[in-house]
Chemist: 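Next up is a structure, given as structure tokens.
Proteins come first, then strands; the chains are lettered A, B, ... in the order of their sequence lines, and each starts at number 1. All values derive from a computational prediction rather than experimental measurement.
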Amino acid sequence: MNRVLITSAIPYINGIKHLGNLVGSQLPADLYARYNRGRGREVMFICATDEHGTPAELAAAKAGKPVAEFCAEMHAVQSEIADGFRLSFDNFGRSSSDRNHKLTQHFAGKLAENGLIEEVSEKQVYSHADGRFLPDRYIEGTCPNCGYDGARGDQCENCTKQLDPTDLIDPRSAISGSTDLEVRETKHLYLRQSKLKDKLDAWIDTKTDWPVLTTSIAKKWLHDGDGLQDRGITRDLDWGVPVKKGDVDWPGMEGKVFYVWFDAPIEYIAATAELADKLGEPDAFWHRWWRTDKGADDVRYVQFMGKDNVPFHTLSFPATIMGSGEPWKLVDYIKSFNYLNYDGGQFSTSKGRGVFMDQALSILPADYWRWWLLSHAPENSDSEFTWENFQVSVNKDLSDVLGNFVSRVTKFCRSKFSEAVPDGGTYGDLEHALIADLTAKTRAYEGHMEAMDVRKAAQELRGIWVAGNEYLQTAAPWTTFKTDPEQAAAQIRLALNLIPFYAVLSAPFIPDAANTMMAAMGADNHGWPDDVPATLGALKPGHAFTVPDNVFSKISDEDRESWQERFAGTRD
RNA sequence: GGGCCUGUAGCUCAACGGUUAGAGCAGAGCGCUCAUAACGCUUUGGUUGCAGGUUCGAAUCCUGCCAGGCCUACCA
């Protein structure tokens, strides 16, 4: 397994995402990408913006901009924020790209050729005032069941009854409030997933090592009721991928676009092709990641996503791939996450509740967020962000354990020796015991990272940092120095060597701090410590370093309190 | 309504059916003084949501109940 293809669920274009969105896909995907690069594997890490669908059109209208312009701007914004969090995408593409248009149309054409597309005539609600068909949940009215007047066309939020838009009393458009609605006949394409049910079922059955969260959702959809249902893959919208059969028109489907969930996962492939275009590379560049007949047969493909994305990635997208009859790469492992809650409730984009990605970066460096979010990733159940927990965890782990270690070692050496690795002395039992301990811990850390056990990996990494402080306390070079400066030199030489070692191991979690540590130590070997003893001898006597400023400053009580207040209410 | 997940120390979380249920933080005590009032050591703290059952043995498996969360297919 020397080549790893990693995709993160693609964030929707209509606004800036909150920390829950970040920790559910992009951040753990980045952790895994950085780790695999660190291990020397060839990595293709892909993300993009998901730009189609009704909410994008509405958000653009609200911003008073043409949807294409709005999406271009929001893509730039999200791209900049991703950079701010040090998300190391090889490409951050756009689902509205020409590549995605072509590939989506290609897949649709192949599916049609293979008899997996069905044309269905159905009735949908059209709003004259809005000039558009309305998805069920964009229709509001009075619930026939409980009389609640804010019921949506798909479900009444008050009594939770499932509804059909035509059930509503006095229906109106949720967009404009207009009651000038009409039920119209419209033709749509359906992906005949039901024909692939057994194949999908058998495929899922082979994925015994996937998280329960992933497989249970897939199983539910496969077996619930009548089993996997066919799915509409077109919509009556202006903005999207025009419905075509490959590169030829699709009679009767003029003016329609593919459903956003049909084209979004295809963008993983398209974004890789977009990268080839940017680099001026031929199609072979991306084929070797995505076509098993063109070099992708030895690729391990891992997807990261929040639990809400699972049905599309376990069923619809694989159905698209399988149904094409072409040798496209299927996912090998799906890592899914639960939700992160905020201070006793949910993050809410509409209410502006919680911390959004841009706000997070405006108050603290990316590493603080990365560390907390990853070390508390909602892997087994929903987890909760509180400011108290955030402050205590970050101060303790990053400032006291890691940052202070770097500080005490470099400052001690500067004051007793110089700003260079001291010569003299030899390693004794204590030093060899530390090296053995760190070797074991490093192997354990690797095990957790390979398994994508994010929290366990963070815990192990923290243990590796702690081992340095334990060693210093036991070796006590400040005491040794008084009687045996040579021995103290050997002790501090080892301690100094821990800094670049820590930097390389920690880089997937806290890349900026890792760079700071490497730079301060004048270290240029970013290679993974496969050989821990050798790595801990990399900085030779006489090697110059500088004492860095505090790698992590602490979060004060005043800051915490002010942020707590600021983010409790409404955004902006 | 149905499905799935979760419930373990004050908090965040561990624990292939197998010693006495463990870590970190918080609390208490001691030590150290190189360091960002940092670090290290020791320690208090649990009827594993409740009630049954299976088993030589249950936090773990089964049944029922309670509480919280998510999903339930045209928002994405």
Side-chain angles (χ1 to χ4, degrees), chain A residues 9-14 50 52-56 58 122 124-125 133-139 152-155 160-162 164-165 174 188 193 211-213 215-217 219-221 223-225 228-236 259-261 264 306-312 315-316 338-339 341 346 375-376 378-384 386 388-389 392-393 395-416 455-456 458-459 462-463 466 468-479 481 488 491-492 495 547 549-554:
Chain A
I10 65 179
Y12 200 62
I13 194 70
N14 65 343
D50 180 14
H52 298 137
T54 308
L58 297 180
E122 54 188 28
Q124 285 208 330
V125 175
F133 281 93
L134 298 176
D136 290 354
R137 71 171 49 194
Y138 283 99
I139 303 161
R152 295 189 317 204
D154 55 342
Q155 186 177 34
T160 72
K161 187 179 168 59
Q162 304 274 329
D164 189 86
H188 282 295
Q193 299 181 130
V212 181
L213 183 64
T215 49
S216 66
I217 294 174
K219 289 278 178 194
K220 164 80 163 120
W221 281 54
H223 301 301
D224 194 41
L228 187 62
Q229 301 296 299
D230 295 341
R231 196 170 185 104
I233 57 163
T234 55
R235 291 290 183 274
D236 289 291
Y259 174 41
V260 55
W261 259 116
K307 56 185 166 185
D308 53 331
N309 275 294
V310 168
F312 303 98
L315 303 169
S316 308
N338 285 283
Y339 291 146
N341 290 321
Q346 292 191 343
S375 61
H376 294 78
E379 290 177 296
N380 297 322
S381 62
D382 292 354
S383 66
E384 173 148 320
T386 65
E388 288 84 357
N389 187 304
V392 168
S393 298
N395 284 353
K396 193 71 192 172
D397 298 347
L398 297 182
S399 298
D400 296 347
V401 176
L402 178 62
N404 182 54
F405 176 81
V406 173
S407 190
R408 67 194 296 204
V409 171
T410 53
K411 285 179 180 172
F412 179 80
C413 187
R414 180 174 65 183
S415 75
K416 303 298 188 204
R455 277 187 310 205
K456 285 182 181 172
Q459 204 172 1
R462 187 186 188 280
V466 167
N469 283 315
E470 287 171 350
Y471 167 74
L472 278 186
Q473 195 63 35
T474 311
W478 47 90
T479 304
F481 184 79
Q491 291 169 339
I492 211 67
V547 176
D549 294 335
N550 284 353
V551 181
F552 291 102
S553 302
K554 292 198 185 192

Chemist: Would you kindly give the NZ-to-C1' distance between A:Lys411 and B:U36, to the nearest whole Å?
Modeler: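 Interatomic distance, NZ of A:Lys411 to C1' of B:U36: 7 Å.
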
Chemist: Report all interatomic pairs (protein N or O, nucleotide N or O of nucleotides 25-27 of chain B) with separations under 3.5 Å.
Modeler:
none

Chemist: Rounding to an integer number of Å, can you tell me how far A:Gln491 CD sits from B:C32 P?
Modeler: 17 Å

Chemist: Please name all residues satisfying salt bridge (charged side-chain N to carboxylate O under 4.0 Å, His left out) with A:Lys411, sequence neighbours left out, ordered by chain then number.
Modeler: none

Chemist: Between B:U54 and B:C61, how many Å separate the two C1' atoms, rounded to a whole number?
Modeler: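 About 8 Å, rounded to a whole number of Å.
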
Chemist: Can you pull every protein N or O that's under 3.5 Å from an N or O on nucleotides 11-14 of chain B?
Modeler:
| residue | atom | partner | partner atom | Å |
| --- | --- | --- | --- | --- |
| B:C13 | O3' | A:Arg455 | NH2 | 3.4 |
| B:A14 | OP1 | A:Asn380 | ND2 | 2.5 |
| B:A14 | OP1 | A:Arg455 | NH2 | 2.6 |

Chemist: Report the nucleotide, chosen from B:G3, B:C34, B:C74, that has the shortest atom-to-atom distance to any side-chain atom of A:Arg408.
Modeler: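 Nearest to the side chain of A:Arg408 among the choices is B:C34.
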
Chemist: Take A:Leu398 and A:Val401, find for each the nucleotide of RNA chain B with the closest heavy atom, and name the residue whose nucleotide sits nearer the 5' end.
Modeler: A:Leu398

Chemist: Side chain of A:Glu122 only, heavy atoms from C-beta on: which candidate in B:U36, B:G2, B:C74 is closest?
Modeler: B:C74

Chemist: What nucleotide, of B:A35, B:U36, B:A76, holds the atom closest to the side chain of A:Thr54?
Modeler: B:A76

Chemist: Return the set of residues passing salt bridge (charged side-chain N to carboxylate O under 4.0 Å, His left out) with A:Arg137 (not counting sequence neighbours), or none when no residue passes.
Modeler: A:Asp154

Chemist: Applying salt bridge (charged side-chain N to carboxylate O under 4.0 Å, His left out), can you list everything that pairs with A:Asp308, at least two apart in sequence or on another chain?
Modeler: none

Chemist: Find the distance A:Asp400:CG to B:U33:P and express it as a whole number of Å.
Modeler: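 A:Asp400 atom CG is separated from B:U33 atom P by 20 Å.
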
Chemist: Name the residue closer to the 5' end of RNA chain B, choosing between A:Gly403 and A:Val260 according to the nucleotide with the nearest heavy atom.
Modeler: A:Gly403

Chemist: Given the rule that a pair is Watson-Crick or G-U wobble with both distances under 3.5 Å, how would you write RNA chain B in dot-bracket, using | for pairs to a different strand?
Modeler: (((((((..((((....[...)))).(((((.......))))).....(((((..]....))))))))))))....

Chemist: Name all residues meeting the ring-ring contact (aromatic ring centres under 6.0 Å, His included) criterion together with A:Tyr12; count only those two or more places apart in sequence or in a different chain, and write none if there are none.
Modeler: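 Counting only residues at least two positions away or on another chain, A:Tyr12 forms no ring-ring contact (aromatic ring centres under 6.0 Å, His included).
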
Chemist: With sequence neighbours excluded, what pairs up with A:Lys456 under the side chain to side chain contact (heavy atoms under 4.5 Å, CB included) test?
Modeler: A:His448, A:Asp453

Chemist: What's the closest nucleotide to the side chain of A:Trp261 if the choices are B:A76, B:C4, B:C75?
Modeler: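 That would be B:A76.
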
Chemist: List for me each residue that meets ring-ring contact (aromatic ring centres under 6.0 Å, His included) alongside A:Phe405, sequence neighbours excluded, and say none if there are none.
Modeler: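 With sequence neighbours excluded, A:Phe405 shows a ring-ring contact (aromatic ring centres under 6.0 Å, His included) to A:Tyr502, given in chain and number order.
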
Chemist: Quick one: which of B:G69, B:U33, B:A76 gets closest to the side chain of A:Lys307?
Modeler: B:G69

Chemist: Got a sec, which residues hit ring-ring contact (aromatic ring centres under 6.0 Å, His included) with A:Phe133, two or more places apart in sequence or on another chain?
Modeler: A:Tyr126

Chemist: Check every atom of B:A73, B:C41, B:C75 against the side chain of A:Pro135 and return the nucleotide holding the closest atom.
Modeler: B:C75

Chemist: What residues form a ring-ring contact (aromatic ring centres under 6.0 Å, His included) with A:Phe481, not counting sequence neighbours?
Modeler: A:Phe417

Chemist: Got a sec, which residues hit salt bridge (charged side-chain N to carboxylate O under 4.0 Å, His left out) with A:Asp400, two or more places apart in sequence or on another chain?
Modeler: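 So A:Asp400 forms a salt bridge (charged side-chain N to carboxylate O under 4.0 Å, His left out) with A:Lys554.
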
Chemist: Looking only at side-chain atoms of A:Glu470, point me to the closest of B:C32, B:C74, B:C41.
Modeler: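 So the nucleotide nearest the side chain must be B:C41.
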
Chemist: With rounding to whole Å, what would you report as the distance between B:G17 and B:C62 at their P atoms?
Modeler: 11 Å

